Amino acid sequence: MYETKLRTHTCGELNGKNDGLNVILAGWVKKKRDHGEIVFIDLRDRYGVTQVIIEEGRGDLKEQVKNVRGEFVVRVFGIVRKRPSNMVNKDIKTGEIEVVANKIEILNESEVPPFEIKDELSVQEELRLKYRYLDLRRDTLKETIIARHKTIQSMRTFLSEKGFLEIETPVLTRNTPEGARDYLVPSRNHIGKFYSMAQSPQLYKQLLMVAGFDRYYQFARCFRDEDMRSDRQPEFTQIDIEMSFVDEEDVFKITEGLMKKVFHDVISYDLETPFLRLTYKEAMEKYGSDKPDLRFGCQINDITDMVKNCGFGVFENSDFTFAYNTKQLLSRKQIDEYNDIAKKYGLPGLFYLKYTDEELKGSIVKYLSEDVKHKLIEKLDIKNGDTLFLASGKWKRTLEALGACRRKTGNDFYIKDNEIKYKFLWVTEFPLFEWNEDEEKWEPCHHIFTMPRDEDIEYIESDPGRVHGKLYDLVCNGVEISSGSIRAFKKEIQERIMNVIGLSNEEAEKRFGFLIEGFKYGAPPHGGIAPGLDRLIMIMLNRDNIRDVIAFPKSLKASGIMEDSPSEVDEKRLTELGLKLIKKKGS
RNA sequence: GGGGUCGUAGUUCAGUUUUGGUUAGAACGCAGGCCUGUCACGCCUGAGGUCGCGAGUUCGAGUCUCGUCGGCCCCGCCA
């Protein structure tokens with residue numbers, strides 16, 4: 001397959017049809033099994049594993065491989081031989097054959113690796129990260145890296161065929177105070193000033209629309225100096241897409257086509273399109289999340305009116321009361337775990353009801369009239385053996401807390417690891433503005449260049465909370481894969497939006513001057529989306545950790561464990577940059 | 001910024017609470033030996049420990065207390 005000077009075949013391609021062929025293989029010793037008179041060596045490379053046999057009577061070869069250990073790099077000259085049927089290894093691609101060694105050459109030795117290179121082994125992640133190049137030899141990790149390549153290839157083909165141009169934009173850019181903290185880069189050419197590493201190519205891609213490149217994409221590396229999570233890295237990759245002369249439907253269609261192709265090409269899975277759509281309000285009220293996992297039910301219900309006058313103070317005095325049925329009989333201990341989650345999300349606590357022996361039970365049941373009980377049983381489809389949770393409070397906080405509980409229910413009971421299904425959906429009609437309680441002002445939900453929905457434009461000044469944007473998120477299995485918007489490309493709308501959030505023209509000019517300037521020269525209507533490549537691959541391969549789909553990821557504290565980054569630098573370099581470190585307290 | 005959890009042979013863990021107490025165990029790996037069909041090969045023998053780091057309590061600390069570093073998970077944050 002990939003013949004080179006040092007080999008004729010890879011370790012993953014030989015089979016029964018090659019019986020009798022003279023071959024040269026090169027790879028790593030996965031395992032040596034020494035039986036005395038005969039010796040087996042499993043030789044591994046990127047493509048697979050091939051069994052090499054040193055037969056009886058080859059004392060010369062045995063002497064040579066006497067000191068060969070795991071992970072030595074060797075070259076084997078030999079003849080392919082079909083194995084007797086009872087010795088075929090069905091677990092490996094090359095299991096039909098083995099290579100009878102004539103000559104073995106040690107290309108390089110290896111120290112005993114700090115952990116065994118095999119798939120089943122669980123090793124502390126810190127160690128795996130330190131020796132990432134060894135971890136990458138394991139199939140589980142190797143597969144994600146290969147899938148990542150396939151994903152990128154598939155996307156390039158699709159987008160290129162649809163007329164999109166791949167255009168690169170700067171990583172070193174200027175600081176914009178909104179949004180995520182960015183990484184600052186000093187330069188000795190500009191003492192006292194800093195570049196910012198791009199958080200995303202947002203402004204550049206909009207200017208590419210002004211330039212007339214009406215279909216653009218890019219695999220863009222984005223940098224954000226924020227705290228990590230299992231699905232976040234300080235540097236990550238977006239498939240940044242922007243189109244001119246479009247509305248939401250156009251973006252949906254392209255994105256759906258892209259996802260369909262990628263899932264087909266990479267994991268041979270046929271996605272159904274178009275994707276389901278939920279408005280932000282629906283998603284919140286049914287699932288308690290703006291990125292709901294639709295692989296299971298347990299929908300939330302609004303029971304505010306039902307319990308408003310039941311005589312229980314909490315229900316009577318709260319804005320909203322919501323409930324959902326876990327459809328499971330939960331123990332006291334399990335219920336406590338749910339309570340902890342609710343508290344973490346800012347609720348004083350949860351109420352629960354159990355239905356056993358044809359009877360509702362729980363501390364609050366005494367407040368519920370027969371009529372209310374019946375309504376509850378009907379609305380929440382309560383059957384024997386069900387446990388349900390109720391929570392009261394403000395709309396968003398209460399729903400989000402119940403949403404977190406619902407997520408736990410899903411993880412504990414409904415989402416089976418081995419049964420992968422993909423439930424994509426669009427979440428649409430996000431509010432354009434969000435009221436910041438602390439600072440008592442309106443803030444943009446997405447960014448200030450988002451177009452309001454046509455029918456809401458008249459309320460921008462009079463009722464900002466009612467205005468929804470042409471804003472959309474692509475969600476799959478409870479993960480936000482992507483978000484995007486149609487942009488406010490006209491000066492008049494931009495200014496009205498800036499007025500609401502209290503951003504003066506001068507201030508806007510200072511922060512986004514080059515974009516606003518560009519928009520003066522015939523900005524077309526445009527919009528786009530930017531799916532997160534890493535998260536998409538995570539979802540596709542059913543991994544629960546973003547580090548597993550990145551060759552050299554950072555730790556949760558954003559350190560490079562292998563290369564030990566970030567590092568201190570010489571005083572001399574700092575001086576050159578006009579920088580001086582302030583000593584931390586205590587040091 | 002906050003909360004949780006983990007840190008003991010090369011690796012994965014037990015031992016830590018009930019009880020602070022002599023030589024800190026196991027499996028895998030590693031080293032030496034034996035073995036003609038294994039593919040998680042098998043059998044025999046052996047080496048291998050700063051119990052993350054630092055202070056404290058104590059006659060005595062892997063075990064208790066405080067601090068600190070690091071991994072992982074979550075809240076805030078991530079327009």
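Note that the coordinates shown come from a computational prediction; the quantities given were computed from them, not determined experimentally. Note on naming: letters A, B, ... go to the chains in the order of the sequence lines (proteins, then strands), and numbering restarts at 1 for each one.
The partner of B/C43, taking Watson-Crick or G-U wobble pairs whose two distances both stay under 3.5 Å, is B/G33. Here B/U68 sits opposite B/G52 as a Watson-Crick or G-U wobble pair (both hydrogen-bonding atom distances under 3.5 Å).
Across B/G37 and B/G42, the matching C1' atoms stand 13 Å from one another, rounded to whole Å. For the C1' atoms, the distance from B/G76 to B/G1 is 8 Å, rounded to whole Å. Distance check on atom P: B/U12 versus B/U17 gives 24 Å, rounded to whole Å. When the C1' atom is compared between B/A27 and B/C64, the two are found 31 Å apart, to the nearest whole Å. Nucleotides B/G29 and B/C72 place their C1' atoms 25 Å apart, quoted to the nearest Å. Here, B/C75 and B/G60 have their P atoms 46 Å apart, quoted to the whole Å. Taking the C1' atoms as reference points, B/A14 lies 14 Å from B/U63, given to the whole Å. When the P atom is compared between B/C51 and B/U11, the two are found 14 Å apart, to the nearest whole Å.
Rounded to a whole Å, the OH atom of A/Tyr345 is 12 Å from the C1' atom of B/C73. Taking atom NZ of A/Lys130 as the reference point, atom P of B/G52 lies 17 Å away to the nearest angstrom. Between A/Gln199 atom CD and B/C77 atom P the separation is 16 Å, expressed in whole Å. Between A/Ile546 atom CD1 and B/C73 atom P there is a gap of 11 Å when expressed in whole angstrom units. Put simply, CD1 on A/Ile341 is 13 Å from P on B/G76, counting in whole angstrom units. Remark: P of B/G29 and CD of A/Glu116 are 6 Å apart, rounded to the nearest angstrom. Regarding A/Asp227, its CG atom lies at a distance of 13 Å from the P atom of B/C73, rounded to whole Å. As rounded to whole Å, 21 Å separates atom P of B/C78 from atom CD1 of A/Ile481.
Between A/Leu203 and A/Val123, the one whose closest nucleotide on RNA chain B sits nearer the 5' end is A/Val123.
Without hydrogens or angle criteria, A/Tyr472 side chain to A/Ser485 main chain gives a donor-acceptor distance under 3.5 Å. Between the side chain of A/Gln218 and the main chain of A/Thr169, a donor-acceptor pair closer than 3.5 Å is present.
Note: A/Phe449 and A/Phe519 have perpendicular aromatic rings, judged against thresholds of 30 and 60 degrees for the angle between ring planes.
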Inset, instruction - At under 4.0 Å between heavy atoms, which parts of nucleotides 30-41 of chain B does protein reach? Answer with one letter per nucleotide, 5' to 3': B base, S sugar-phosphate only, - none. - result: SS---BBBBB-B
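For the pair A/Lys557 and B/G71, the criterion of a side-chain N or O lying under 4.0 Å from OP1 or OP2 is met. Applying the 4.0 Å criterion to OP1 and OP2 of B/U12, one finds that A/Ser122 has every side-chain N and O outside that range. OP1 and OP2 of B/C72 both lie 4.0 Å or more from every side-chain N or O belonging to A/Ser230.
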Inset, instruction - Step by step, work out the side-chain hydrogen bond (donor to acceptor under 3.5 Å, both in side chains) result for A/Asp240 and A/Tyr216. - result: CA-CA 8 Å; A/Asp240 198 41; A/Tyr216 141 93; 2.8 Å; yes
Inset, instruction - In sequence, state the C-alpha distance, the side-chain angles, and the governing distance for A/Lys343 and A/Asp340, and then conclude on salt bridge (charged side-chain N to carboxylate O under 4.0 Å, His left out). - result: CA-CA 5 Å; A/Lys343 282 178 182 160; A/Asp340 290 344; 5.0 Å; no
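With hydrogens and angles ignored, no donor-acceptor pair closer than 3.5 Å exists between the side chain of A/Arg547 and the base of B/C72. Scanning atom types as modelled, no donor and acceptor separated by under 3.5 angstrom connect the side chain of A/Arg224 and the base of B/C78.
Here A/Glu443 lies out of heavy-atom contact (under 4.0 Å) with every strand. Looking at heavy-atom distances under 4.0 Å, A/Ile561 makes contact with sugar-phosphate atoms alone, never a base. Using a 4.0 Å heavy-atom criterion, one finds that A/Arg229 contacts the bases of the nucleic acid, with or without backbone contacts as well.
Looking at A/Gln64 and A/Arg58, their side chains never bring a donor and an acceptor atom within 3.5 Å of each other.
Across A/His447 and A/Gln202, no two heavy atoms sit closer than the pair NE2-NE2, 3.4 Å.
Other residues, nucleotides and ligands contribute at most 12 non-hydrogen atoms within 6.0 Å of the CZ atom of A/Arg397.
Relative to the six-membered ring of A/Tyr324, A/Arg406 misses at least one condition, a distance below 6.0 Å or an angle of at most 45° to the axis.
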